[in-house]
S.K.: 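I have a structure I would like to understand better, so I am pasting it below and will then ask my questions one at a time.
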Amino acid sequence: MSTAGQVIRCKAAVAWEAGTPLVIEEVDVAPPQKHEVRLKILFTSLCHTDVYFWEAKGQTPLFPRIFGHEAGGIVESVGEGVTDLQPGDHVLPVFTGECQQCRHCKSSESNMCELLRINTDRGVMISDGQTRFSKDGKPIYHFVGTSTFSEYTVAHSGCVTKIDPQAPLDKVCVLSCGISTGLGATLNVAKPTRGSTVAIFGLGAVGLAAAEGARLAGASRIIGIDLNPSRFNDAKKFGVTEFVNPKDHDKPVQEVIAEMTDGGADRSVECTGNVNAMISSFECVHDGWGVAVLVGVPNKDDAFKTHPMNLLNERTLKGTFFGNYKPKTDLPSVVAKYMNKELELEKFITHQVPFSEINKAFDIMLKGEGLRCMITMGH
């Protein structure tokens, strides 16, 4: 029986207010409008960004809201004007998009779509300023255009990537956010050469994905920097060869790395969002050819300073968003890397819970345990 064109009532994990446990509710999900698709979510995982906006300490709170943006699912129905997706397609919803029309989408250098780039404040759909979620006739707000903590969700078609139907959604769903961000920061932006030395600041899921990128690129030394030594052992699985805890040294960590590497690392990738780590990551690369890439998201009033000579001595500082991948154009090739066994994803998934126990995933992340917790829908 087709549900196309009808309201679907399903379970969703609703955040009613900041910092309080999510509640599994029956919600109504309206049909997709023009340029939208409705998805059946099969697997979703928790990313730190969900936790950050659920806590709502640093930004405008918007509740009730359905969080979630790292997921895999199947297209249930499509709205008017959608030609590249159809019911039954296996897809990854993505928190940023690709309209394929704007200057950014037409540029080979950018993935920052003018229409669909991430907007954390917006809780409604672009086309009509309305929500597709409601309960008892009252709206429930969206999050970054995906809201995957629901059995069904509606997204703009430019934020939905069709992938190989053979790819296991419970593995490749982690590519819709953090893993691609770290992997692409290394492969697409830092671009280390075979045999080079790469320093990774922050060994959470994104940092370890950056290390995985360095491993795939053939780096000979991958130095992991983290304040939490319990992360060091697991990081070996991602190609990290040496570890530095800044707390173990009485001088700046960039000086420690310079000593270890005969003048500096060839590349560095910063995945913490801490401005001191940003300075260290830039100042730790070698003069003449060193490239530092910033991935971590800072607090809103942050700023950092470094001496201009660090740049004049031919060091390069770059930033990246979503690993410089265009979601619709490039993500299928990242899925292919997993399918042909170049890229390993299983090691990122350290916990699993049924949808009914989604709050456990928040507890695990708040304790700083594990990397990704896979949440299975329909349980």
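Atoms considered below: every heavy atom in the structure, side chains included; atoms not considered: hydrogens, waters and symmetry mates.
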S.K.: Would one find more than 12 heavy atoms of other residues, nucleotides or ligands at under 6.0 Å from atom NZ of K360?
M.R.: no
S.K.: Is it true that atom CG of N340 has more than 12 heavy atoms of other residues, nucleotides or ligands lying nearer than 6.0 Å?
M.R.: yes
S.K.: Are R215 and E342 close enough, and set up right, to give a salt bridge (charged side-chain N to carboxylate O under 4.0 Å, His left out), and what steps lead you there?
M.R.: CA-CA 10 Å; R215 183 184 74 78; E342 268 178 85; over 6 Å; no
S.K.: One pair to check against salt bridge (charged side-chain N to carboxylate O under 4.0 Å, His left out): E114 and R103. What are the steps and the verdict?
M.R.: CA-CA 8 Å; E114 274 170 44; R103 287 178 305 166; 3.4 Å; yes
S.K.: Tell me every residue that passes side chain to side chain contact (heavy atoms under 4.5 Å, CB included) with L115, counting only those two or more places apart in sequence or in another chain.
M.R.: C99, C113, I126, H156
S.K.: For V91, does its backbone N or O pair with a side-chain atom of D89 as donor and acceptor, under 3.5 Å?
M.R.: no
S.K.: Counting only N and O atoms by type, is there a donor-acceptor contact under 3.5 Å from the side chain of H142 to the main-chain atoms of R132?
M.R.: yes
S.K.: Check D234 with R231, please: is the shortest side-chain N to carboxylate O separation under 4.0 Å?
M.R.: no
S.K.: Let me confirm one number: the CG-NZ distance from L85 to K162, rounded to the nearest 0.5 Å.
M.R.: 7.5 Å
S.K.: Which distance, rounded to the nearest 0.5 Å, do you find between the CG of L208 and the NZ of K236?
M.R.: 13.5 Å
S.K.: Test your reading of the model: is there a side-chain donor-acceptor pair from N299 to the backbone of D302, 3.5 Å cut-off?
M.R.: no
S.K.: Report yes if the side chains of K305 and I279 come closer than 4.5 Å at any heavy-atom pair, otherwise no.
M.R.: no
S.K.: Which atoms form the tightest heavy-atom contact between I66 and A12, and what is the distance?
M.R.: CD1-CB, 3.8 Å
S.K.: How long is the span from the CD1 atom in I118 to the OG1 atom in T120, to the nearest 0.5 Å?
M.R.: 6.0 Å
S.K.: Measure across A361 and V353 and return the closest heavy-atom pair with its distance rounded to 0.1 Å.
M.R.: CB-CG2, 4.4 Å
S.K.: May I ask you to check whether T3 and E76 show a side-chain donor-acceptor distance below 3.5 Å?
M.R.: yes
S.K.: For residues 191-204, which side-chain N or O atoms pair as donor and acceptor with protein atoms under 3.5 Å away, sequence neighbours left out?
M.R.:
from, atom 1, to, atom 2, distance (Å)
S196, OG, T193, N, 3.4
S196, OG, T193, O, 2.5

S.K.: Working to the nearest 0.5 Å, report the span between OG of S281 and CZ of F304.
M.R.: 7.5 Å
S.K.: Test of understanding: clusters of I, L, V, M, F, W, Y form through side-chain heavy atoms closer than 4.5 Å, transitively. Do L187 and L294 belong to the same one?
M.R.: no
S.K.: Inspect the contact between E212 and K347 and indicate whether a charged nitrogen and a carboxylate oxygen are less than 4.0 angstrom apart.
M.R.: yes
S.K.: Between S268 and E270, do the side chains contain a donor N or O and an acceptor N or O under 3.5 Å apart?
M.R.: no
S.K.: Does any N or O in the side chain of K318 come within less than 3.5 Å of the main-chain N or O of A190, such that one atom is a donor and the other an acceptor?
M.R.: no
S.K.: State whether K11 and E25 are salt-bridged, where the test is any N-O pair (Lys NZ or Arg NE/NH1/NH2 against Asp/Glu carboxylate O) under 4.0 Å.
M.R.: no
S.K.: Between D84 and K328 (salt bridge meaning N to carboxylate O under 4.0 Å), is one present in this structure?
M.R.: yes
S.K.: Could you tell me whether the side chain of T329 and the main chain of K326 form a donor-acceptor pair under 3.5 Å?
M.R.: no
S.K.: Compare every heavy atom of T44 with every heavy atom of M377, then report the nearest pair and how far apart it is.
M.R.: SD-CG2, 3.9 Å
S.K.: Please lay out, stage by stage, how T261 and H286 fare under the test side-chain contact (heavy atoms from CB on, under 4.5 Å).
M.R.: CA-CA 9 Å; T261 55; H286 208 289; 5.9 Å; no
S.K.: Just do the side-chain contact (heavy atoms from CB on, under 4.5 Å) check on R117 and H104 with the steps written out, would you?
M.R.: CA-CA 10 Å; R117 73 170 64 172; H104 284 271; 3.3 Å; yes
S.K.: Please round to the nearest 0.5 Å and tell me the distance separating atom OG1 of T83 and atom NE2 of H35.
M.R.: 9.0 Å
S.K.: Can you confirm whether K40 is buried at NZ, in the sense that more than 12 heavy atoms of other residues, nucleotides or ligands lie under 6.0 Å from that atom?
M.R.: no
S.K.: Would you say the side-chain atoms of N324 pair up with the backbone N or O of T320, donor to acceptor, closer than 3.5 Å?
M.R.: no
S.K.: Is the shortest heavy-atom distance from the side chain of V244 to the side chain of V253 under 4.5 Å?
M.R.: yes
S.K.: Have a look at W54 and tell me which of F362, F143, F67, F63 forms a ring-ring contact (aromatic ring centres under 6.0 Å, His included) with it.
M.R.: F362
S.K.: Taking a hydrophobic cluster as the set of Ile, Leu, Val, Met, Phe, Trp and Tyr residues connected by side-chain heavy atoms closer than 4.5 Å, whether directly or through intermediates, do I163 and L42 fall within one such cluster?
M.R.: yes
S.K.: Do the side-chain N and O atoms of E70 and S176 include a donor-acceptor pair separated by under 3.5 angstrom?
M.R.: no
S.K.: Please report the C-alpha distance between H69 and T146 in whole Å, then the side-chain angles of each, then the deciding distance to 0.1 Å, and finally whether the side chain to side chain donor-acceptor pair (under 3.5 Å) criterion is met.
M.R.: CA-CA 5 Å; H69 64 280; T146 52; 5.3 Å; no
S.K.: Hey, can you tell me if Y325 and F322 have their rings parallel, tilted or perpendicular (30° and 60° cut-offs)?
M.R.: perpendicular
S.K.: E36 and S157: side-chain donor and acceptor closer than 3.5 Å?
M.R.: no
S.K.: When you measure from the side chain of K106 to the backbone of Q100, do you find a donor-acceptor pair of N or O atoms at a distance under 3.5 Å?
M.R.: no
S.K.: Is a side-chain N or O of Q130 found less than 3.5 angstrom from the main chain of M125, in a donor-acceptor match?
M.R.: no
S.K.: Work out which heavy atom in V295 is nearest to a heavy atom in A185; give both atom names and the distance.
M.R.: CG2-CB, 3.5 Å
S.K.: Any side-chain to backbone donor/acceptor pair from N111 onto F321? Under 3.5 Å, distance only.
M.R.: yes
S.K.: Going by the rule salt bridge (Lys or Arg N to Asp or Glu O under 4.0 Å), which residues pair with R9 if we only count those two or more places apart in sequence or in a different chain?
M.R.: D28
S.K.: Hey, are the side chains of P332 and D164 touching, using non-hydrogen atoms and a 4.5 Å cut-off?
M.R.: no
S.K.: Could E17 and R65 be called an ion pair, given the rule that one side-chain N must be under 4.0 Å from one carboxylate O?
M.R.: no
S.K.: Would you compute the distance between atom CG of L169 and atom CG of L92 and round it to the nearest 0.5 angstrom?
M.R.: 7.0 Å
S.K.: If only atom types and distance count, is the side chain of R38 paired as donor or acceptor with the main-chain N or O of P32 below 3.5 Å?
M.R.: no
S.K.: Between T306 and E283, is any side-chain donor less than 3.5 angstrom from a side-chain acceptor?
M.R.: yes
S.K.: What pair of heavy atoms forms the shortest contact from G224 to V240, and how long is it?
M.R.: N-CG1, 3.6 Å
S.K.: If you look at every heavy atom in S45 and D50, which pair is closest and at what distance?
M.R.: O-OD2, 4.3 Å
S.K.: Please evaluate residues E80 and Q33 with respect to the criterion side-chain contact (heavy atoms from CB on, under 4.5 Å), reporting the C-alpha separation (whole Å), side-chain torsions for both, the decisive distance (0.1 Å), and the verdict.
M.R.: CA-CA 6 Å; E80 184 194 331; Q33 301 303 302; over 6 Å; no
S.K.: Apply side-chain contact (heavy atoms from CB on, under 4.5 Å) to the pair F348 and F238, showing each step before the final yes or no.
M.R.: CA-CA 9 Å; F348 288 99; F238 300 84; 3.5 Å; yes
